[in-house]
Amino acid sequence: MVPVLIDLDVAPAARPPAPGRREHWLPALLAASLLLLLGGAAAPRPVEVLRTVAVLQGVFVTALVAGTQLFTARALPGDDADQVEISAVPITPAGSRWTARVEAPSGEVRLAREGSVLVAETLEELTVLDARSGALRWHATASLTTVVGGQAVYSEYDDEDGSTTLVDLESGRSLWSSPGLADFADRDATGRYLFTMDFDGRAAVRDITDGRRLASRTLDVFPDGDRPVVSIVGDLVYLFKGSSLLAVRLSDLATAWETEAAIPYEVQACAGLICVSDRQGVMGVDPAGGQVRWQAVRWISYADGVASAQDGTTVLLDPATGRVTRHLGHGMRAGDLMLRAHEGQTRVTRLRSGELIGNLSSVIPFACVTYDRFLGCRTSGESFTLWEIPRESP
């Protein structure tokens with residue numbers, strides 16, 4: 001499983017932004033702060049002290065826990081503003097410590113741990129470091145770079161139509177190169193197909209083993225020249241087309257169906273349907289024909305059976321029917337945890353059971369994320385703290 005990372009300086013937005021698009025975070029920050037004042041009830045029980053694993057000082061762009069290490073990316077000032085500093089800190093005795101610098105002209109970077117390497121990815125730079133030592137394995141500069149599993153795709157302009165190249169992440173060895181640009185690239189869950197699209201809406205599906213183009217088509221789905229928002233679920237590619245959702249078959253890119261939606265922004269599989277989040281809520285759609293089976297207009301986000309409203313109300317939602325099956329109260333969700341303001345501290349409970357696992361001081365709840373058995377939060381005084389989450393009570 002590819003570990004998940006968090007942008008520590010950005011509060012979660014009500015609508016996830018399309019790749020390459022910035023959104024203003026101050027309104028969401030104010031709303032989140034007010035939301036925490038609402039608090040929430042949890043069954044009283046003895047409070048465990050969360051074990052502190054690491055405390056790091058400074059403002060970080062990104063943090064990632066993977067294996068035996070905590071990785072962070074920190075923007076550099078002045079003449080080094082086109083670089084970020086990547087650091088590794090051990091969280092078990094087997095972990096190692098190192099620091100390296102990578103190119104990041106925008107000051108933004110995404111981190112991913114893949115096998116023996118750490119990948120630092122921007123829109124146009126791909127730097128692959130040895131995860132144990134921080135030594136440079138390889139680097140690529142292109143019009144697009146993106147990681148797809150244990151491989152990377154990069155696309156380069158030339159005098160013709162450009163080219164798309166697939167490389168092995170650990171070695172940097174080119175596996176194949178094929179004509180055509182890719183301003184978006186992703187592979188399906190089976191790992192057999194690579195779907196790409198350029199800024200002119202030219203889409204292609206390739207055999208991921210050798211780059212053979214299996215189908216191509218021009219799709220009119222770009223909002224104001226931004227990068228496309230695309231999800232691949234099963235054997236369908238879902239594209240967000242203004243106020244509708246377009247589904248095309250991955251095998252030949254023929255249109256399967258198109259259905260109305262209030263500016264959709266996320267698609268995920270759920271109980272034999274697909275759950276589509278849009279500006280008016282969440283709806284369950286039949287992937288076979290695009291029929292809307294249910295709509296729940298209150299919820300602005302949905303994941304893994306949990307839905308949240310603008311006022312912070314969080315519930316369990318039946319993905320087959322859209323009905324609320326359980327109310328979880330108010331707060332900020334972080335993975336399988338819930339964070340709530342309580343008597344000047346932040347109370348941390350299990351999301352579904354409500355089990356109280358600890359109270360934290362000086363925590364910024366909207367800047368928290370879980371990494372498997374760890375909770376990481378930005379804390380006051382420009383620092384980042386990582387705690388170990390205790391095992392759930394039997």
Side-chain angles (χ1 to χ4, degrees), residues 1 4 12-18 28 31-32 35 38-43 186 188-190 229-250 255-340 349-355 370 392:
M1 177 181 294
V4 178
R15 175 178 180 238
L35 205 156
L38 297 172
D186 198 7
D188 73 317
T190 70
V229 183
V230 180
S231 294
I232 302 175
V233 181
D235 58 359
L236 293 177
V237 182
Y238 297 97
L239 302 109
F240 306 142
K241 184 181 178 183
S243 60
S244 67
L245 178 69
L246 175 66
V248 301
R249 294 197 302 261
L250 183 61
T255 297
W257 48 262
E258 185 171 349
T259 192
E260 291 295 315
I263 309 183
Y265 58 80
E266 188 175 31
V267 170
Q268 57 188 286
C270 57
L273 303 176
I274 58 167
C275 286
V276 181
S277 299
D278 64 25
R279 292 184 64 180
Q280 293 183 352
V282 182
M283 60 183 180
V285 178
D286 187 339
Q291 297 86 0
V292 177
R293 299 304 186 192
W294 56 261
Q295 287 185 290
V297 298
R298 184 181 182 188
W299 313 110
I300 61 170
S301 66
Y302 174 86
D304 302 323
V306 180
S308 297
Q310 185 71 51
D311 65 358
T313 301
T314 303
V315 299
L316 294 182
L317 200 69
D318 180 5
T321 64
R323 291 195 297 266
V324 173
T325 59
R326 185 179 174 190
H327 289 269
L328 302 177
H330 291 76
M332 300 294 293
R333 180 187 181 186
D336 287 331
L337 303 180
M338 181 77 84
L339 286 73
R340 300 180 173 96
T349 63
R350 308 281 180 190
L351 178 67
R352 288 173 169 81
S353 70
E355 176 191 357
T370 54
E392 192 165 4

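Taking CG of Asp278 as the start and OH of Tyr265 as the end, the distance is 7.5 Å to the nearest 0.5 Å. With rounding to the nearest 0.5 angstrom, the CG atom of Leu339 is 8.5 Å from the CE atom of Met332. Here Ser231 contributes atom OG and Glu266 contributes atom CD; the two are 7.5 Å apart, rounded to the nearest 0.5 Å. Annotation: the span from Thr370 atom OG1 to Leu337 atom CG amounts to 6.0 Å, rounded to 0.5 Å. Rounded to the nearest 0.5 Å, atoms OG (Ser308) and CG (Leu317) are 10.5 Å apart. To the nearest 0.5 Å, atom OG1 of residue Thr314 and atom NE2 of residue His327 are 11.0 Å apart.
The two residues Met283 and Glu260 have their closest heavy-atom pair at CE-O, 3.5 Å. Minimum interatomic distance between Cys275 and Val282 (heavy atoms only, all atoms of both residues): CB-CG1, 4.3 Å. The nearest pair of heavy atoms linking Leu351 to Gly335 is CD2-O, 3.8 Å. The nearest pair of heavy atoms linking Leu328 to Arg340 is O-NH2, 2.6 Å. Here the closest heavy-atom approach between residue Ala309 and residue Arg298 is recorded as CB-NE, 3.7 Å. Contact record, Val292 with Thr259: CG2-OG1, 4.1 Å, taken as the closest heavy-atom pair.
In this structure, the side chain of Arg352 does not engage the main chain of Asp336 through any donor-acceptor pair within 3.5 Å. Judged purely by atom type and a 3.5 angstrom limit, Trp294 uses its side chain to pair as donor or acceptor with the backbone of Pro319. In this structure a side-chain-to-backbone donor-acceptor pair under 3.5 Å is missing from Gln295 to Gln280.
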Trace of the side-chain contact (heavy atoms from CB on, under 4.5 Å) decision for Val306 with Val315: CA-CA 6 Å; Val306 180; Val315 299; over 6 Å; no
side-chain contact (heavy atoms from CB on, under 4.5 Å) assessment of Val267 paired with Val276: CA-CA 5 Å; Val267 170; Val276 181; 4.2 Å; yes
Worked check of side chain to side chain donor-acceptor pair (under 3.5 Å) between Arg333 and Ser301: CA-CA 11 Å; Arg333 180 187 181 186; Ser301 66; over 6 Å; no
What pairs of donor and acceptor atoms, side-chain ones from residues 284-291 against any protein atom, are under 3.5 angstrom apart with sequence neighbours left out?
from   : atom 1 : to     : atom 2 : distance (Å)
Asp286 : OD1    : Ala288 : N      : 2.9
Asp286 : OD2    : Arg293 : NH2    : 2.8

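Cys270 has its side chain within reach of Tyr302: a pair of non-hydrogen atoms, C-beta onward, lies under 4.5 Å apart. A 4.5 Å side-chain heavy-atom check between Phe240 and Leu245 finds at least one atom pair inside the cut-off. The shortest distance between side-chain heavy atoms of Val230 and Leu239 falls below 4.5 Å. With contacts defined as side-chain heavy-atom distances shorter than 4.5 Å, the pair Leu250/Leu236 does not qualify. Using a 4.5 Å heavy-atom threshold, the side chains of Ser277 and Trp299 count as separate.
In this structure Arg326 satisfies the salt bridge (charged side-chain N to carboxylate O under 4.0 Å, His left out) test with no other residue, sequence neighbours excluded.
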